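Take a look at the structure below.
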There are 2 protein chains.
Amino acid sequence: MVTLKQLAKELNVSISTVSKALNNSEEIGKETIKRVKELAELYNYKPNKVALSLKQNRTNTIGVIIPDILNHFLSKVLFGIEREASLHGYNIMTCISNESLEKEKESLQLLANGSVDGFILCVSEETQIKNEIEHFKQTIKQGLPIVMFDRVAHDVLCDKVIVDDFDATYRATKNLLDENRKQIAFMSNIDDLSVGKLRERGYNKAILESQDYKPLVLNIKKEDNAQDKIIAFMKKHKNIDAVISADSASGVIAINVATSLGLKVPKDISVIGFSSQSVSNHSIPRLTTIRQHAKEIGANAAQMLIKRLQNITGEPYDFKTKIVKTSLVKNGSTL
Amino acid sequence: MVTLKQLAKELNVSISTVSKALNNSEEIGKETIKRVKELAELYNYKPNKVALSLKQNRTNTIGVIIPDILNHFLSKVLFGIEREASLHGYNIMTCISNESLEKEKESLQLLANGSVDGFILCVSEETQIKNEIEHFKQTIKQGLPIVMFDRVAHDVLCDKVIVDDFDATYRATKNLLDENRKQIAFMSNIDDLSVGKLRERGYNKAILESQDYKPLVLNIKKEDNAQDKIIAFMKKHKNIDAVISADSASGVIAINVATSLGLKVPKDISVIGFSSQSVSNHSIPRLTTIRQHAKEIGANAAQMLIKRLQNITGEPYDFKTKIVKTSLVKNGSTL
DNA sequence: GTGAAAGCGCTAACAA
DNA sequence: TTGTTAGCGCTTTCAC
């Protein structure tokens, strides 16, 4: 990489002259600016980002810590973050916590040493179970702002972007009750997570309000094979006439299982699930879907962080929690 | 963030003493080392990474440029890269090219200014179609090594990690012929990509070798709805008794479509597709799958890059192309 | 055993 | 209009 020094030498001027010329400083003569720029162009000069970062005490880089990049929802959020960051001239450094508290702490520590200006993260499963928040607080105390999304630690003071999980399943369940469904099952492989719990509560509330019916819940563990579990469950409870899935897979699987058991979807049984467009294509009929607008969540998180980073005036302002509303996209798996 | 300067001041020693003490230099007295380390611990001192990078002319960061993070295969490779990099003390900066040549060039430019030590990338679709390679060559000339994976530019001299695409579909097709299938259809939504073409050629070769049968290909465009296309195709060609899918979705969809058309899988029709474990769960029976070992691809790419980065001895060595063999995982959708 | 000073590449206050 | 200098945080050579 060519440096200011080399340009200066070749042009027989000082380093600062070159620097100023490239930054269109008023101080420098037109002719000099031209000469400098031409040579810089020729050598394809680009200012060294590391040196700039050191000087300006600012890296224009956002640290993103994600529990699981194979999760379609999370990678979609990452997509949204990247796009928004890129738009504002920020890069992102991605770490994957693998749902582990230890890795999450490590990543936070590692990137907090000047590599990034702030963080966007989704709390890992282990962190939520153990309810640890010290590492977040410490990072914030060090002056690095955090924006949490989806799974958040309520006791940490920072910006947050969440989904209306409770409401989403409450409304979806109501919807099924309005279809005159009587035995609505709830399936989830995320009952350890805050969002999983909220979704289950929304379902429960709607069911209990109905007076006549009662909840029926299938919790799928990470080590289970989802398809086998759902087959067994549906064989056992033959009276199920509707399913709500809290995760992105079991909805589609439930449709396929129902079909293979000879049921007609949606005549005999309705299914609603959290999912994305691409996955909802994996069943016939297509899954009626609770869309979480993952990209918007990512974009919102990035905006909130960047706004805070660019608030150089110094005046701190209150932390916000933005709720991105889900929407119910009706496809063929409901009446 | 606390700096060496601050520690030095508080301890009434020089900055260099503190630096040496923290690095366990022989030059420094035991007692001093102890005092320094205690204070550093107390203040949770961590060396500033940006300063280190500037000094050492090395960032310990890998730039990753991926065409599409919502593609399950690609995000799995990313996972593999991240894990391997993390293991060796490297961070990754991720850019998403969105299959655009322009964005790919931009990302390369942006990160080449001292932000990263080298690149791992998968060539974007537009780049492959236009067959542009200048930006890669220039980056390499600047001294930043590149490792390409999956979709590679053959005319660029660099390390590569690829899949045995041709062989995979050749063998899979053979497999179906051995099952005595007569009309084997090939479905793809990636016929623009180098890997898509290779996969189609492998299929063609096997079919043509069989003498008796002829190829039948369905190309699905990005703007098409895959499910609708496949339904129409299978209704039109009722004699299809086997399907090979070159992308990760159409295999699963084909099973669901076949079932909905009253066919028994695998009795009446066999299906094989490129896919991952999680998606192969989205049909009943489960899809017989060509596994690409995405994580290994990522890990291999990271290893190759890191090896080159750490080859400080200077002697350049030949570029390698590593082929990660696919494997055929038999599930219920074949005999 | 400890400290001073140079230098990585850049910007900016100040001097000329 | 141009150049000198200091400094961002760190390592390392050389001097004391």
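This is a predicted model, so every value here is computed, not measured. Residue numbers begin at 1 in each chain, while the letters A, B, ... track the order of the sequences.
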Using atom CD1 of A:I15 as one end and atom P of C:dC14 as the other, report the distance to the nearest whole Å.
20 Å
Let me know the distance between NZ of B:K34 and C1' of C:dT2, rounded to the nearest Å.
19 Å
Heavy atoms under 4.0 Å, any strand shown: does B:L54 hit a base, just sugar-phosphate, or nothing?
base
Interatomic distance where CG belongs to A:L22 and P belongs to C:dC10 [whole Å]
9 Å
Determine whether a donor-acceptor pair (one donor, one acceptor, N or O, separation below 3.5 Å) exists between the side chain of B:K20 and the base of D:dT13.
yes
For B:S19, which contact category applies under a 4.0 Å heavy-atom criterion: base, sugar-phosphate, or nothing?
base
From CG of B:N57 across to P of D:dG9 the rounded distance in Å is 20 Å
N/O donor-acceptor pair, side chain A:K5 with base C:dG7, under 3.5 angstrom:
no
Round to the nearest Å and state the distance from A:Q6 atom CD to C:dC8 atom P.
10 Å
Is the shortest side-chain N/O distance from B:Y45 to OP1 or OP2 of D:dC10 below 4.0 Å?
yes
Select one nucleotide: of D:dT2, C:dG9, C:dG3, the one nearest the side-chain heavy atoms of A:T17.
D:dT2
Nearest whole Å is fine: how far is D:dG7 C1' from A:L4 CG?
16 Å
May I ask you to verify whether the side chain of B:K55 and the base of D:dG9 hold a donor-acceptor pair under 3.5 Å?
no
Result for 5'-nearest mapping on DNA chain C, choosing between B:T32 and A:E27, is B:T32
A:K307 charged N/C atom sitting above A:Y317 aromatic ring, 6.0 Å / 45°:
yes
To the nearest 0.5 angstrom, please state how far the OG1 atom of B:T59 sits from the NZ atom of B:K49.
6.0 Å
Other residues, nucleotides and ligands only: do more than 12 of their heavy atoms fall within 6.0 Å of NZ on A:K322?
no
From CZ of B:R35 over to P of C:dG1, roughly how many Å is that when rounded to an integer?
15 Å
Let's see if you can work this out: which of C:dA12, D:dT2, C:dT2 has an atom nearest to the side-chain heavy atoms of A:S16?
C:dA12
Remember a base hit wins even if backbone is also touched, and classify A:V13 as base, sugar-phosphate or nothing at under 4.0 Å, heavy atoms.
sugar-phosphate
Any non-hydrogen side-chain atom of B:L111 less than 4.5 Å from a side-chain atom of B:M93?
yes
Is the number of heavy atoms from other residues, nucleotides or ligands within 6.0 Å of NZ (B:K103) greater than 12?
yes
Whole-Å distance separating the CG atom of A:N48 from the C1' atom of C:dG9
6 Å
